[in-house]
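So the structure is just underneath, and the comments pick up after that.
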Number of protein chains: 2
Amino acid sequence: MARWHDVAQALRDAITTGQYPPGSKIPKEEELEAQFGVSRTTVRRAVAQLTTEGLLLPVRRGGTTVRTQPERQTLPLDTRAYRDELGYYFSQTVQPWRALQPPTVTEGPCPPDVAPLLGLAVGDPVVIRDRIMGNPATGRVMQLATSYLPGDLAAGTVLAQPGTGPGGIYDRMENDLGWGTLDWEGVITARSATADEARLLDLAPGTPVLCVTRMTIATAGDAEGRVVEANITRRDASLFEVRYPITRAE
Amino acid sequence: MARWHDVAQALRDAITTGQYPPGSKIPKEEELEAQFGVSRTTVRRAVAQLTTEGLLLPVRRGGTTVRTQPERQTLPLDTRAYRDELGYYFSQTVQPWRALQPPTVTEGPCPPDVAPLLGLAVGDPVVIRDRIMGNPATGRVMQLATSYLPGDLAAGTVLAQPGTGPGGIYDRMENDLGWGTLDWEGVITARSATADEARLLDLAPGTPVLCVTRMTIATAGDAEGRVVEANITRRDASLFEVRYPITRAE
DNA sequence: CAGTGGTCTAGACCACAAC
DNA sequence: TTGTGGTCTAGACCACTGA
């Protein structure tokens, strides 16, 4: 087979057998070149593969270290919607992250991955509400949250304004826009990080992100039966898992 | 920035704007070389990135085509366990896939990603039950399912045999091994495909797989409180999504 | 400030499947 | 059969950052 496959497998084995324990450095590229008798390009192809697999973390001038695999943080599955006088909540646990920047609201064309969720065509106008969440103390970005709303429904309304008032966006939909009692549905997907996501989440290009999407469905008014919001959160897939109980049907 | 970033972005734009619609071929590497004025290595670096992003599908001698993004197949979330006289079932819909090969049962060391699920140390003995599921008509592999059972509990028992008798593995645990009424918990994660997974699922190396894990917990007997099985299914993340309803808490 | 990984070039041969 | 992507080499310069 390909030489770089062999080099990658040899490094993988050396890591899993403990020859290079987590946190340790593997030999520099020049030494791997000599060790395996291949060119630097081939060494780099193998290291790149193990990097996207999450095993290695190359850093300029600092060498390439074996990533310490942190326990994944557990996200509870949002199967229930709660509300109090302040608005709706979907998680039973309060997330420790805060918005690192003021949320941005823009209008633009609907991206291909969102169109089927909203029942729109690619390029149709949508209102995009973007939030970057993380640890304010360290500045570390932990999740990206983006809401897409159909432009024909949301543009020019309070939904397209940065502040949505007391109770938030869902109270506006239910009370002010007359969209009835809202329904929600959840979807979990995974895909490679985009260039922007990789930059913001500090990921190597091509590493997977875990996407949790919550769709909001109107039950009355001019939006009846339509998906009026798709809220997509994206996180480093190596750092998070979604966990849920399985109950016995009697 | 890097030249290959520019090339990748130019190709990405050309694809999303419809210049290269899904199913069409992009120019061959030699032409892209000339078009962007870079070396072939740089062109290939850009194409490799878009391949792991799932946008392109290079095929030898056939050129590189823009992948038609199929609608993701929806997997219902297994939040309930059903049973009838034949055994337990976890999905409300019957999957259209069948085992493409007879299931294999082996014993081996516990891999790092499974150890925390079973409460074992890496390398501890485990029983591994492997199934490859797909479409028998086309031979297309759609999902890989692997069960890990702690070796100290399962080795030498009926759980380590290919056939597990009427009612399957869970009836053996509940009725024959005295492990009480079983509990289950689900976990959803995503990661890069391993080399083996990429080969079996026909994926480019490094593309994401969506993992749905069901853990079985004993409530009585010598295994009381322990996770006695971790069933991990892996699928091409670009082909599947997990969907679930969100109900209003009153 | 020097050594590491990051990028890029020009060229070569190979393997495989479409033609 | 042949043209495409797949792999590999030897060498060069750069940019960042940790020693």
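The sequence lines fix the lettering, A, B, ..., with proteins before strands; numbering per chain opens at 1.
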Nearest to the side chain of A:Lys28, which nucleotide is it out of D:dG5, C:dG5, C:dA2? C:dG5
Quick one: which of C:dT9, C:dG5, D:dC8 gets closest to the side chain of A:Arg60? C:dG5
Tell me which nucleotide among C:dC19, D:dT17, C:dC8 gets nearest to the side chain of A:Arg61. D:dT17
Toward the 5' end of DNA chain C, which comes first, B:Lys25 or B:Gly37, by nearest nucleotide? B:Gly37
Could you say whether A:Gly62 or B:Pro58 is positioned toward the 5' end of DNA chain D, judged by the nucleotide with the nearest heavy atom to each? B:Pro58
On the six-membered ring of A:Phe240, is A:Arg235 placed so that its NZ or CZ lies under 6.0 angstrom from the centre and within 45° of the ring axis? yes
Is a donor from one side chain sitting under 3.5 angstrom from an acceptor on the other, for A:Thr194 and A:Asp196? no
Tell me whether the OP1 or OP2 atom of D:dT4 has a side-chain N or O from B:Thr64 closer than 4.0 Å. no
Base of D:dG6 paired with side chain of A:Arg45 (donor-acceptor, under 3.5 Å): no
Whole Å only: how far is the CD1 atom of A:Ile26 from the P atom of C:dT4? 13 Å
Give a yes/no answer on whether the side chain of A:Thr41 brings an N or O atom under 4.0 Å of OP1 or OP2 in D:dT7. no
If I take atom CG in residue A:Leu32 and atom P in nucleotide C:dT4, what distance separates them, rounded to the nearest angstrom? 12 Å
How many whole angstroms separate atom CD of B:Glu33 from atom P of C:dT9? 9 Å
Look at A:Arg40 together with A:Glu33 and state whether they make a salt bridge at an N to O cut-off of under 4.0 Å. no
Look at A:Arg44 and C:dG6 and indicate whether a side-chain polar atom (N or O) is within less than 4.0 Å of OP1 or OP2. yes
Taken to the nearest whole Å, CH2/B:Trp4 to P/C:dT9 is 14 Å
Does B:Arg3 make a cation-pi contact with B:Phe36 (under 6.0 Å, within 45 degrees of the axis)? no
Whole-Å distance, A:Asp6 CG to D:dT7 C1', equals 12 Å
Can you find a donor-acceptor N/O pair under 3.5 angstrom joining the side chain of A:Arg40 to the base of C:dG6? yes
A:Arg3 CZ to D:dA10 P, in whole Å, measures 11 Å
Going by side chain to side chain contact (heavy atoms under 4.5 Å, CB included), A:Ile232 matches just one of A:Val187, A:Val114, A:Thr189, A:Leu144. Which one? A:Val114
In whole Å, what is the span from the CG atom of B:Leu57 to the P atom of C:dA18? 12 Å
What nucleic acid atoms does B:Val47 come within less than 4.0 Å of, heavy atoms only: base, sugar-phosphate, or nothing? nothing
